[in-house]
Amino acid sequence: MEGLLLDVDYVEDEEHPSMRIYLKAGGEKVVAVDRNFRQYFYVLAEDPGRAAGVISKVEVSERGRTVRPAAVEVVKRTRLGREVNAVKIVLQHPKHQALLRHAVRELPGVKEFYEFDIPPARRYLIETGLVPLAGVRVEGMERECEGIKTIFLDKSPEPREWSGDDLRIMSFDIEVHNPSGTPRPDRDPVIMISMVDTEGLRKVLTWKVPEMKPDYVEVVEDEREMFRRFVETVRERDIDVLLGYNTDLFDFPYMKERAKRLKTKLALGRDGSEVYMRKRRFATATRIRGRVHVDVYAMVNFLATIGAIRLIHYTLEDVYKHVLGKEKPDFEVGEIARAWDTGGEKLERLLEYSLSDARATLELGLELLPVFYELSRLVGQTLFDVSRMTPGQLVEWLLIREAFRLKELVPPRPLEEEYGERMEDTYAGGYVMEPKKGLHENLVAFDFRSLYPSIIVSHNVDPSMFNCNCCAPDETTAVPDLGYHFCKRRRGFIPLILERLINARAEIKKELKRHRPGTAEYRSLDARQMALKIISNSFYGMLGYARARWYFKECAESVTSWGRHYIHQTITSATREGFEVVYADTDGLYCKLNGRSRRDAFKFLEKMNRRLPGIMELELEGFYPRGVFITKKRYALIDESGRLIVKGLEFVRRDWAAIAKRTQEAVLDAILRDGSPQKAAEIVRKMAKDLFEGRVRFEDLIIYTQLKMPIESYRSIGPHVAAAKKLRAKGYAVEPGMVVAYVEAKGPGSISDRATPVEDFKEMEYDANYYVEHQVLPAVMRIMEVLGYSEDDLKFTTDKQTKLVRFLK
DNA sequence: CCGATT
DNA sequence: AACGGCTAATCGG
């Protein structure tokens, strides 16, 4: 049988540890069980032949049973590109791994262990060459088990071509009764479960009868019945991919706990099994056997860490608006309990809101999933795993698969001690030029296309190529200023793989030009090139990441050193050609044309590119009529179509009140678009007046700051910490990672003393003086100052005698 | 006022 | 749980 590979999981069973492959062929769902899989690891020893002999006789007794290797053999592998004879130890059962490894460690002549830290399901995908969300062929005995067709494999599954199979995707969302602060599963019931799927389902399950019942609402007896109907619906609709927003950390753990208390089960598995959690220190994820649970928030979070999306808040509402450009209904969390308790129109709005959340999650998921499908295929790990991986993990799993193909041994993850040592070892990063402060006109921006990836490929930056003995340092091999060099006779593993990714992306981009945007082909190709870009850009970070298997500080350090070299070289050359460089950061620079034409800029570009090695390339990013440069990392530009581009200013930060950010934006607009500092000054005066006279919206005064540590760990009590303490005193759960929202209240004491959580700030008065002096003025003065204006020039009087002010509700 | 903390 | 560079506010001695 052939089908689309949905998921793979490993089931530990005393007698039969089995690998289970979930596939879908047309409408048919199948699980293929492979009991022939054998986990293994490698040992490097002084005398591999002798070591193999000794190891094959190793016996360890555990709980009255004797554990011994299934097989031991000497095999040829490479380690950092050099041939080695490794002892391969095949296990009878994956759970014997640690036991045998510890026994083998005691043997004389045993040096290092490899590949003992590859989980079975991931190892299986690599070993079989199967690719998730691609085709698979399975062969064996067929039987019906737990209502799902099961094939017991009698030979290894094989990868196959497979063209499309529409997945059935459902999103869901729950609402929870929260009468006092953070809801607690031991007390507060789930009151609604909403579901939307790709086949047209729109449903809200609830257990209270609303006065007006919309057609999408299904009222059931109680919470327990609601859970049962949810499970039933997922099974009836035969869902392949189940989506939610923050379901890993909230919905599933909450539902699981409620289900336990209601003495029922969330049996969402295709084989009727209950959902189960993989709990780790930093992550917990819920798995559903035979279906793929994807937390859309995990994908969003990933895109935020790589900078593909940058928002102030990552709530469903905000992300939905940013990604899809549409608004969705909102509902104040604090009002949920009241809506439930009082019913009426408010309850109807809550039902509507709940459905809109599920629908928005589905739409957002459908928008983001294609890139993660491609990442999953590219990395060769399941969508479940890949959608939760960090950039470093993606590169690592891609490299592990490639290492297997090249018979290169995979380095182990560092132990805590090694990690600590690596952390001590810091190195210099990119060069940032002190900007020529002030307003500049007629600018051109140049930047290097994928600077760090192109350095790795062009200079063969790789751990095994570092300071080779076969090449002497020369113009292309020597790292600027560091006294290192990289081999140019052989090709490093990392540059080899990275170059393939970059070339594949170039091909796809060529192919893209032959398709119309919006077509299915275009979208799929675009997702592929995006996945390739994401992975390529993560290689450098991984080299410098202390927990990475392929960590190599000298490599990361060499990449940034070459980076500084190339940006310096570009600055020097541009200056020599008559361009005035006003600012540069890491891989790009802004120059004043100073009378030079656009053609001159392009000619300069060509000249630069003639001397750059390998695949390195400088690009002309664009022309800008005006730009204001304030400090390093802080500047704003207006492009030729009148769009404002703001970098590093308060404008794009959440730890500033919206009022400051909005005033700053208006000031920049007046300066860059209208060229009028006078207009800017007027805007500031008006805003100060509005603040003193209470003509501002409450939301615009809120400052958001994330708690990074447990509240007790803070040595310095800043405003957000002080506000969090007040929240906790009121019974809210205060945990690292939460974003504290506070407003500065008027009164005695320090800024921290007066930082008041939004929840408490009901009939209080805000500190207008603080917002003028510490928010609006600093934000705008940074800009006005570089233009030669002082605070006095704004001629603005902070009338501290102004009678007490209140905000407009 | 100034270094430390965030 | 991908890197380093950088600015700025506020605390607290």
Side-chain angles (χ1 to χ4, degrees), chain A residues 280-284 298 301-308 388-399 413-414 416 419 422-423 425-435 437 451-453 455-456 534-553 555-561 563-564 567 583-587 630-635 647-653 655-657 660 703 705-709 711 713-724 736-737 740 744 749-755 770 773-775 777-779 781-782:
Chain A
R280 297 234 189 105
R281 192 135 54 101
F282 285 97
T284 148
N301 197 40
F302 176 89
L303 295 172
T305 41
I306 62 167
R388 292 170 174 82
M389 281 183 186
T390 63
Q393 288 171 310
L394 288 179
V395 178
E396 212 157 84
W397 286 100
L398 175 101
L399 288 179
R413 284 197 309 260
E416 271 315 293
Y419 169 71
R422 288 176 176 187
M423 286 299 279
D425 225 353
T426 59
Y427 64 93
Y431 166 71
V432 187
M433 179 184 138
E434 189 62 47
K437 296 183 171 65
L451 179 68
Y452 288 176
I455 287 173
I456 294 172
I534 288 170
I535 301 257
S536 303
N537 285 343
S538 305
F539 271 62
Y540 154 73
M542 187 219 52
L543 285 171
Y545 176 43
R547 288 198 197 274
R549 293 170 189 267
W550 275 274
Y551 167 87
F552 206 94
K553 181 218 154 196
C555 285
E557 191 184 19
S558 298
V559 172
T560 58
S561 180
R564 292 192 299 274
I567 195 75
Y583 183 55
D585 183 352
T586 312
D587 61 351
I630 297 152
T631 59
K632 287 179 176 183
K633 306 274 185 193
R634 293 180 163 225
Y635 58 96
K647 300 282 181 184
L649 287 157
E650 282 69 16
F651 198 66
V652 284
R653 305 180 61 106
D655 52 355
W656 283 79
I703 298 166
T705 313
Q706 190 180 34
L707 274 188
K708 298 279 191 186
M709 310 184 269
I711 196 100
S713 307
Y714 282 88
R715 289 203 272 165
S716 173
I717 309 304
H720 72 297
V721 182
V740 184
E744 277 301 324
S750 68
I751 287 167
S752 289
D753 293 338
R754 292 182 285 115
Y770 171 83
E773 298 282 345
H774 293 260
Q775 293 280 325
L777 273 184
M781 281 319 294
R782 275 191 265 288

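All of these numbers come straight from a predicted model, not from anything done at the bench. Per chain, numbering begins at 1; letters A, B, ... match sequence-line order. Basis for what follows: all heavy atoms, side chains included, without hydrogens, waters or symmetry-related copies.
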Under-4.0 Å side-chain N/O to phosphate OP1/OP2 contact, A:Ser752 with C:dC11: yes

Touch class at under 4.0 angstrom, heavy-atom based, for A:Asp585 against every strand present: nothing

Minimum-distance pair of heavy atoms, taken over all atoms of A:Ser752 and A:Pro719: OG-N, 3.1 Å

Atom-pair distance (CG on A:Asp587; P on C:dG5), nearest Å: 15 Å

Touch class at under 4.0 angstrom, heavy-atom based, for A:Met709 against every strand present: sugar-phosphate

A:His774 to A:Trp656 - nearest heavy-atom pair and separation: O-CZ3, 3.6 Å

Nearest-neighbour nucleotide for the A:Val432 side chain, C:dA9, C:dG5, B:dT6 considered: C:dG5

Nearest to side-chain heavy atoms of A:Arg782, which nucleotide of C:dA8, C:dT7, C:dT10: C:dA8

Given C:dA2, C:dT10, C:dG12, the nucleotide with the shortest approach to the side chain of A:Ile717: C:dG12

Sugar-phosphate, base or nothing in reach of A:Gly544, heavy atoms under 4.0 Å: sugar-phosphate

Separation of C:dG4 P from A:Met542 CE (nearest whole Å): 14 Å

Sugar-phosphate only, base, or nothing, as touched by A:Ser750 at under 4.0 Å among non-hydrogen atoms: sugar-phosphate

Sugar-phosphate only, base, or nothing, as touched by A:Ile306 at under 4.0 Å among non-hydrogen atoms: base

Between P of C:dC11 and CG of A:Asp753, the distance in whole Å: 8 Å

For atom CD of A:Glu557 and atom P of C:dG5, their distance in whole Å: 11 Å

Sugar-phosphate, base or nothing in reach of A:Thr560, heavy atoms under 4.0 Å: nothing

A:Ile751 CD1 - C:dT10 P separation (whole Å): 4 Å

Whole-Å distance separating the CE atom of A:Met781 from the C1' atom of C:dA8: 16 Å

Touch class at under 4.0 angstrom, heavy-atom based, for A:Tyr431 against every strand present: nothing

For atom NE2 of A:His774 and atom C1' of C:dT10, their distance in whole Å: 10 Å

Nearest non-hydrogen partners of A:Ile455 and A:Gly563, listed with the distance: CD1-N, 3.4 Å

Separation of atom CZ in A:Arg422 from atom C1' in C:dC3, rounded to whole Å: 14 Å

Distance below 4.0 Å between A:Ser716 side-chain N/O and B:dT6 OP1 or OP2: no

Ion pair A:Lys633/A:Asp585, N-O distance below 4.0 Å: yes

Inter-nucleotide C1' distance (B:dT6, C:dC6), Å rounded: 14 Å

A:Met433 versus A:Lys632, closest heavy-atom pair with distance: O-CG, 3.6 Å

Between A:Tyr583 and A:Tyr635, ring centroids under 6.0 Å: yes

Sugar-phosphate only, base, or nothing, as touched by A:Ala428 at under 4.0 Å among non-hydrogen atoms: sugar-phosphate

Under-4.0 Å side-chain N/O to phosphate OP1/OP2 contact, A:His720 with C:dA9: no

Proximity to the side chain of A:Arg634 - top-ranked nucleotide from C:dT10, C:dA2, C:dA8: C:dA8

Phosphate OP1/OP2 of B:dT5: any A:Arg715 side-chain N/O under 4.0 Å: yes

Touch class at under 4.0 angstrom, heavy-atom based, for A:Tyr427 against every strand present: sugar-phosphate

Touch class at under 4.0 angstrom, heavy-atom based, for A:Tyr770 against every strand present: sugar-phosphate

Sugar-phosphate, base or nothing in reach of A:Lys632, heavy atoms under 4.0 Å: sugar-phosphate

